[in-house]
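Quick note: residue numbers are just sequence positions, from 1. Below, each value reflects all heavy atoms present in this structure, side chains not excepted, and no hydrogens, waters or symmetry copies.
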Amino acid sequence: MLVLPQELTHRQAPACLRMLLQGLKVHKEPSVVVDAQALAVFDTSALAVLLECRREALSDRKTFAVQGLPAALNSMAGLYGVADLLPAA
């Protein structure tokens, strides 16, 4: 399981994405789950990071899901029309 940090804003997005993509490289299971339960401070960059992680997982022919997505981030995803791309684990 890949884990998001407590804070994921524009400032942390590049480092967080690098960490997640490195985790994907060594992840051997056919499904990828990102744990977002610790996420407390975020902006739209969090969505961008999750969507890029999803894209990479799908390109490796793995399924993708998010566990514990904060309600506010889920609402933001709905507002931008991408909520269906971030299914709950």
Side-chain angles (χ1 to χ4, degrees):
M1 181 177 303
L2 303 175
V3 180
L4 293 181
Q6 184 177 6
E7 184 173 339
L8 180 48
T9 62
H10 181 72
R11 183 176 172 189
Q12 296 86 16
C16 183
L17 182 58
R18 278 193 302 274
M19 175 195 68
L20 291 173
L21 294 180
Q22 286 176 340
L24 278 174
K25 287 180 184 177
V26 298
H27 191 82
K28 301 299 180 200
E29 297 178 27
S31 62
V32 174
V33 176
V34 176
D35 184 355
Q37 291 182 68
L39 197 56
V41 178
F42 52 84
D43 62 16
T44 56
S45 298
L47 290 177
V49 167
L50 286 169
L51 292 170
E52 180 62 17
C53 186
R54 175 189 180 272
R55 188 188 70 74
E56 285 294 321
L58 295 178
S59 74
D60 287 342
R61 299 193 170 153
K62 298 177 181 180
T63 61
F64 180 84
V66 182
Q67 174 180 302
L69 191 67
L73 189 56
N74 192 39
S75 293
M76 192 183 299
L79 179 67
Y80 286 103
V82 297
D84 291 342
L85 301 177
L86 303 172

Show me the donor-acceptor pairs within less than 3.5 Å that the side chains of residues 61-89 make with the rest of the protein, sequence neighbours left out.
residue	atom	partner	partner atom	Å
Lys62	NZ	His27	O	2.3
Ser75	OG	Ala71	O	3.1

- State, yes or no, whether a side-chain contact exists between Leu50 and Leu4 at a heavy-atom distance under 4.5 Å. yes
- Message: Within the structure provided, determine whether Leu8 and Ser45 are in side-chain contact (heavy-atom separation under 4.5 Å).
- Response: no
- Message: Using the rule that Ile, Leu, Val, Met, Phe, Trp and Tyr join whenever any side-chain heavy atoms are under 4.5 Å apart, tell me whether Val3 and Leu39 fall into a single cluster.
- Response: no
- Note on the structure: Output for pair (Glu56 CD, Leu17 CG), nearest 0.5 Å, gives 8.0 Å
- Query: Which value, rounded to the nearest 0.5 Å, describes the distance between Leu21 atom CG and Arg55 atom CZ?
  - Reply: 8.5 Å
- Query: Looking only at heavy atoms, what is the nearest atom pair of Cys16 and Val49, with distance?
  - Reply: SG-CG1, 4.2 Å
- Note on the structure: Note: Val32 and Ala57 closest approach over all heavy atoms is CG2-CB, 4.0 Å
- Message: Donor-acceptor check, side chain of Gln22 to backbone of Met19, threshold 3.5 angstrom: yes or no?
- Response: no
- Besides Val33, the hydrophobic cluster formed by Ile, Leu, Val, Met, Phe, Trp and Tyr side chains linked at under 4.5 Å, directly or via other members, contains Met1
- Within a reach of under 6.0 Å around CD of Gln6, are more than 12 heavy atoms found that belong to other residues, nucleotides or ligands? no
